[in-house]
Structures are given as structure tokens and as C-alpha cells.
Amino acid sequence: MTGNKLVTYLKKSFFTGAFKTVIVTLSTIIFLPLIIQQVGMETYGLISLTLIFGGMVVFADFGIAKSVTLLIGQNEDKNNVNTIVSNALMINLSMLTLIGFVFFMLVYFNVPILGEKLQITHSLKNFILFVGFILLAIMLINNLLVAILEAYYLVHYANIGFSLSSILINVFIYSTSILTDSIYILLMAPVVSFVSVSLYFLYIIKTHTKVGFTKPDRKQIKNMLSISYKFLNIGLINSLMIPANKYLLIYVTGSSATLGIFDIGLKIAMIANSFLNAIAQPLFGVFSNMNKNKKEIFKIASKASILLLLLYIIGSSVFYFSGKYITHFIDMEHHEELFLIGMILLVGVTFSSVSEPFYRALLGTERLNEALYLKLLIPVFNIIFYFILSYENSLEQIAFAYSLGVFLSSFIIIIYYIKSYRKVIIK
């Protein structure tokens with residue numbers, strides 16, 4: 001890709017990513033207060049509980065999605081793409097079957113997966129697990145589809161899909177809550193949203209690429225697994241930390257309302273993070289296609305990181321002064337807790353976007369072991385701060401521990417990449 005085309009692609013990805021964030025923000029501001037008013041914080045917490053199991057998608061994916069982007073990017077003539085995609089799908093479906101069997105056995109032997117403090121019926125607990133598994137399967141397919149889009153420089157279409165997902169999930173939950181009082185039907189609303197996005201991704205791939213399916217190649221599957229397990233280790237850290245903290249919160253407190261507050265605080269932080277990551281999101285595909293030009297990669301990553309740092313400071317300041325009005329609008333009853341948790345998570349979680357260009361540079365140049373060790377700092381710091389911080393309020397304790405873990409690990413990623421690059425230049 002030439003310089004001008006690269007700039008055009010990055011601009012396109014940023015603007016669609018920024019548009020996605022605006023849509024997510026407006027959708028949240030409009031529908032979240034209506035949903036909470038309609039169903040209550042406890043029921044909203046149960047809906048967010050089903051989405052926790054979506055965090056297991058990184059395990060079912062087995063690092064395959066990132067491997068697909070990397071391998072397609074390295075395949076200059078794109079003559080092996082169909083085999084790469086078919087191999088990936090076969091591996092993912094095999095992992096999904098294994099996870100499904102484990103889920104079935106846990107339910108069959110009445111293992112308290114959701115803890116024993118959650119005051120809901122046994123049948124509702126099992127239904128939550130069922131919906132969680134369905135969402136896991138759909139998100140697994142979506143991961144693969146997005147990986148293909150990223151490899152073909154089509155991230156802007158993925159951003160549009162994510163915008164669609166945000167709108168639909170809120171619309172379906174709210175409309176379902178009006179049409180029925182059944183919690184079982186309400187919990188299925190997110191499924192419809194994710195399926196709709198899957199169909200959209202499939203349409204874009206069909207109309208903009210020549211990707212298809214063919215017979216999987218066992219030899220290439222072994223090669224793919226040798227790469228993907230490294231991405232798996234990294235992905236497990238990235239994707240399981242939020243579900244793990246949510247699970248810890250519901251296990252310790254048994255309060256779906258508390259989980260709902262934590263989930264909304266995360267939404268605030270993730271919306272801001274999504275806006276900032278619109279700049280860094282397409283860089284993995286770009287770096288995968290130019291992984292031998294380390295000087296150019298460092299130049300692009302540095303400029304992106306500086307811009308992201310400036311936006312991070314501005315965004316954090318804006319929420320500090322206006323956040324109370326936002327949280328009051330979302331839920332008057334819990335607005336003070338929402339502002340505090342939102343602020344704690346915003347400062348830590350969104351700082352990860354500042355380090356994201358350097359992190360994607362590590363991935364794009366196949367420095368996977370280094371990326372893994374650096375990301376391992378998140379759970380290490382998370383656990384350390386969880387035990388160091390002593391609060392009567394478990395919600396604040398968990399929020400601080402996670403936020404500080406992300407912040408410190410992100411700072412170390414930036415310092416490490418800059419120093420390692422300078423060593424290479426000196427040599």
C-alpha cells in the first residue's frame with residue numbers, strides 16, 4: 001500500500017471509528033436510562049451477566065482471528081486465503097464444541113458457576129448460561145469475520161458493523177422490555193443484535209473480497225496453531241480481565257444491581273476508549289503488511305501515540321467536569337456511584353489506547369512473546385492492587401484494582417517499545 005493510500009485508509013478507519021463512538025454514545029445516553037427505568041438495575045445486571053460469557057470468546061477463538069489477519073497480510077498474492085479461513089473456522093468450531101461439552105457437564109452436575117449468593121431461580125441461572133453460550137458462538141464467528149476485514153484494509157466496514165450492533169442491542173432490549181415481562185425473552189434480545197451484525201459482515205466480505213471456503217489443510221492447521229497459541233495467551237489476558245472482575249464482583253456481593261453499576265461505569269470508559277482506539281485499530285493490519293520496515297512502523301506508532309495522549313488528557317478532563325450531569329441523566333438513584341466508578345475506570349482503561357500503537361507494532365512484527373509478557377502485567381497488577389486496597393465497598397476496590405493494573409501496564413508498554421527500538425537503531 002502506497003503512502004497516500006495508507007493515509008486515506010487510516011483516515012477512513014478513524015472517521016468511521018469516531019462515528020461508531022458517537023453512535024454508541026448517543027445510543028447509550030438515549031436508551032440506557034429508558035432501559036433501567038423500564039426493567040430496573042437488578043434486571044439490567046442480569047442482562048449484562050449473559051455478556052460476561054462472551055468474554056470467553058478469546059478462549060474459543062484460540063488466537064486464530066489475529067493469526068488470520070497476520071497470515072493473510074503476509075500472503076502477498078492472497079492465493080492461500082481460502083485455506084487460511086477454512087482452517088481457522090474448523091479450529092474455532094472444534095474449540096466451541098469442547099467448551100459446550102464443559103458447560104453441559106457443569107450444569108448437569110449442578111456446579112454453582114454463578115456463585116451461591118445470586119438470588120434467582122435455578123432455571124433462570126441455567127438459561128443465563130445457555131444464552132451466554134449462544135452469544136459466545138456468535139461472537140466467535142464475528143471475530144473471524146472482522147479479522148478478514150482487517151487483513152483486507154476494510155476496518156471501516158467493521159466499525160460500521162459495531163455501530164449497528166450498539167444501536168440494535170439497545171433497541172431490542174428496550175422494545176422487548178415494553179412488549180413482554182418475561183425475563184427469558186428479554187435475555188435473548190442481545191442474540192438478535194449480534195446475529196444481525198454477523199449477516200452484515202458476511203455481506204461485506206462477499207461483495208468486497210474473494211474469500212471463500214475450501215477443504216481444510218491439516219498441515220497448515222498445525223502451522224496456524226503454532227502461531228495462534230501465542231495470540232491466545234495475549235488475548236486471554238486482554239479479554240478475560242473484564243469478565244473476571246465482573247464475575248468476582250457478582251461472586252463476592254451477589255448483587256446484580258452492583259454489577260449493573262460496574263457495567264455502566266465500564267461502558268463509559270469503553271466508549272471513550274473506543275473513540276481513541278479508532279486511530280490505532282487499523283494499525284495491526286498495516287504493520288502486518290510492512291513488518292520489515294521497523295523505522296516506518298516506529299514513526300507511525302509514535303505519532304499516533306502522541307495524538308492519543310493529547311486526546312486522552314482532554315477526554316478525562318471533560319468527564320471530570322461534566323460526568324456528574326451524564327450519570328445523573330442515566331440513573332438518578334445511583335448517579336454518584338456511577339460517576340465515581342466511571343471516573344476510576346475511565347482514567348485507567350482509556351490510557352491503554354495511548355500504548356495501543358506500540359502494542360500493535362509488537363504484534364504486527366511478530367514480537368509475540370514480548371507482547372505477552374507485557375500484557376501479563378495487567379492481571380499481576382490487578383491482583384496485587386486488589387489485595388493492597390482495602391475498602392468496605394467491594395465495587396470501588398475492584399474498580400480501582402483493575403484500572404490501576406491497566407494504567408501501569410500500558411505505561412510500561414510505551415517505555416519498553418521506545419527503549420527496545422533505540423537499542424536496535426544503535427546496533
Side-chain angles (χ1 to χ4, degrees), residues 16-17 19-57 114 120 123-146 157-204 242-243 246 250 256-257 259-271 274 326 329-331 338:
T16 54
F19 174 76
K20 175 192 68 177
T21 304
V22 172
I23 292 298
V24 171
T25 303
L26 291 176
S27 176
T28 302
I29 290 174
I30 294 171
F31 285 101
L32 193 55
L34 296 175
I35 291 170
I36 294 174
Q37 185 179 13
Q38 185 72 23
V39 304
M41 187 64 77
E42 289 79 8
T43 300
Y44 176 78
L46 293 178
I47 297 172
S48 66
L49 187 57
T50 63
L51 297 172
I52 289 179
F53 296 96
M56 288 183 64
V57 69
L114 301 179
I120 57 176
S123 62
L124 182 54
K125 285 184 179 180
N126 288 341
F127 189 75
I128 288 173
L129 294 176
F130 170 73
V131 174
F133 179 74
I134 296 299
L135 289 173
L136 171 63
I138 300 168
M139 291 171 72
L140 176 65
I141 299 301
N142 285 352
N143 256 21
L144 178 58
L145 299 178
V146 170
Y157 287 110
N159 287 332
I160 295 172
F162 292 135
S163 301
L164 180 65
S165 175
S166 174
I167 296 172
L168 291 180
I169 195 170
N170 286 317
V171 169
F172 288 148
I173 290 175
Y174 181 61
S175 58
T176 303
S177 69
I178 294 175
L179 296 173
T180 179
D181 294 328
S182 172
I183 182 64
Y184 293 92
I185 297 176
L186 186 61
L187 291 174
M188 288 296 293
V191 174
V192 183
S193 168
F194 286 112
V195 169
S196 301
V197 174
S198 299
L199 296 174
Y200 166 76
F201 287 152
L202 285 169
Y203 172 77
I204 296 299
I242 290 178
K246 285 184 178 181
I250 196 70
S256 60
L259 177 61
I261 293 170
F262 185 76
D263 185 72
I264 294 172
L266 273 172
K267 282 185 184 296
I268 293 170
M270 296 309 292
I271 285 172
S274 176
I326 297 172
F329 179 76
I330 292 174
D331 184 25
L338 285 175

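This one's a predicted model, so the numbers in the text were calculated from it and none came from an experiment.
- Looking at S163, its side chain does come within 3.5 Å of a backbone N or O of N159 through a donor-acceptor pair.
- When every heavy atom of I178 is checked against every heavy atom of Q38, the shortest pair comes out as CA-NE2, 4.1 Å.
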Tell me, with the steps shown, if I183 and L186 meet side chain to side chain contact (heavy atoms under 4.5 Å, CB included).
CA-CA 5 Å; I183 182 64; L186 186 61; 4.2 Å; yes
Tell me, with the steps shown, if V192 and L168 meet side chain to side chain contact (heavy atoms under 4.5 Å, CB included).
CA-CA 8 Å; V192 183; L168 291 180; over 6 Å; no
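- Closest non-hydrogen pair, P33 versus I30, comes out as CD-O, 3.9 Å.
- With sequence neighbours excluded, the residues that form a side chain to side chain contact (heavy atoms under 4.5 Å, CB included) with I167 are I23, V171.
- Not a single side-chain hydrogen bond (donor to acceptor under 3.5 Å, both in side chains) links K267 to another residue, sequence neighbours left out.
- Distance check: M188 CE to L135 CG gives 8.0 Å after rounding to the nearest 0.5 Å.
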Show your working on side chain to side chain contact (heavy atoms under 4.5 Å, CB included) between L179 and I185 and close with a plain yes or no.
CA-CA 10 Å; L179 296 173; I185 297 176; over 6 Å; no
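- Taking the side-chain hydrogen bond (donor to acceptor under 3.5 Å, both in side chains) definition, one finds that S27 meets it with N170, sequence neighbours left out.
- Here the straight-line distance linking atom CG of L144 with atom CG of L140 works out to 7.5 Å at 0.5 Å rounding.
- Here the side chains of I261 and I264 are not in contact, with every heavy-atom distance at 4.5 Å or above.
- F172 pairs by the ring-ring contact (aromatic ring centres under 6.0 Å, His included) definition with nothing, not counting sequence neighbours.
- Atom CD1 of I169 is separated from atom CD1 of I35 by 8.5 Å, given to the nearest 0.5 angstrom.
- Rounding to the nearest 0.5 Å places OH of Y157 at 15.5 Å from CG of L145.
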Is there a side chain to side chain contact (heavy atoms under 4.5 Å, CB included) between I160 and I204? Walk through the geometry before answering.
CA-CA 11 Å; I160 295 172; I204 296 299; over 6 Å; no
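- The stretch residues 24-50 participates, sequence neighbours left out, in no ring-ring contact (aromatic ring centres under 6.0 Å, His included) pair at all.
- Listed by chain and residue number, F130, I138, V191 satisfy the side chain to side chain contact (heavy atoms under 4.5 Å, CB included) test with I134 (two or more places apart in sequence, or in another chain).
- The CG atom of L46 lies 6.5 Å from the CG atom of L187; values are rounded to the nearest 0.5 Å.
- Panel note: side chain Y200, backbone F162; no donor-acceptor pair is recorded below 3.5 Å.
- Note that CG of L202 is 8.5 Å distant from CG of N142, once rounded to the nearest 0.5 Å.
- E42 meets the side chain to side chain contact (heavy atoms under 4.5 Å, CB included) test with S256, A257; sequence neighbours excluded.
- Each side-chain hydrogen bond (donor to acceptor under 3.5 Å, both in side chains) pair with one or both residues in residues 171-197, not counting sequence neighbours, appears once here: S123-Y184.
- Nearest approach of V197 to G161, heavy atoms of both residues: CG2-O, 3.6 Å.
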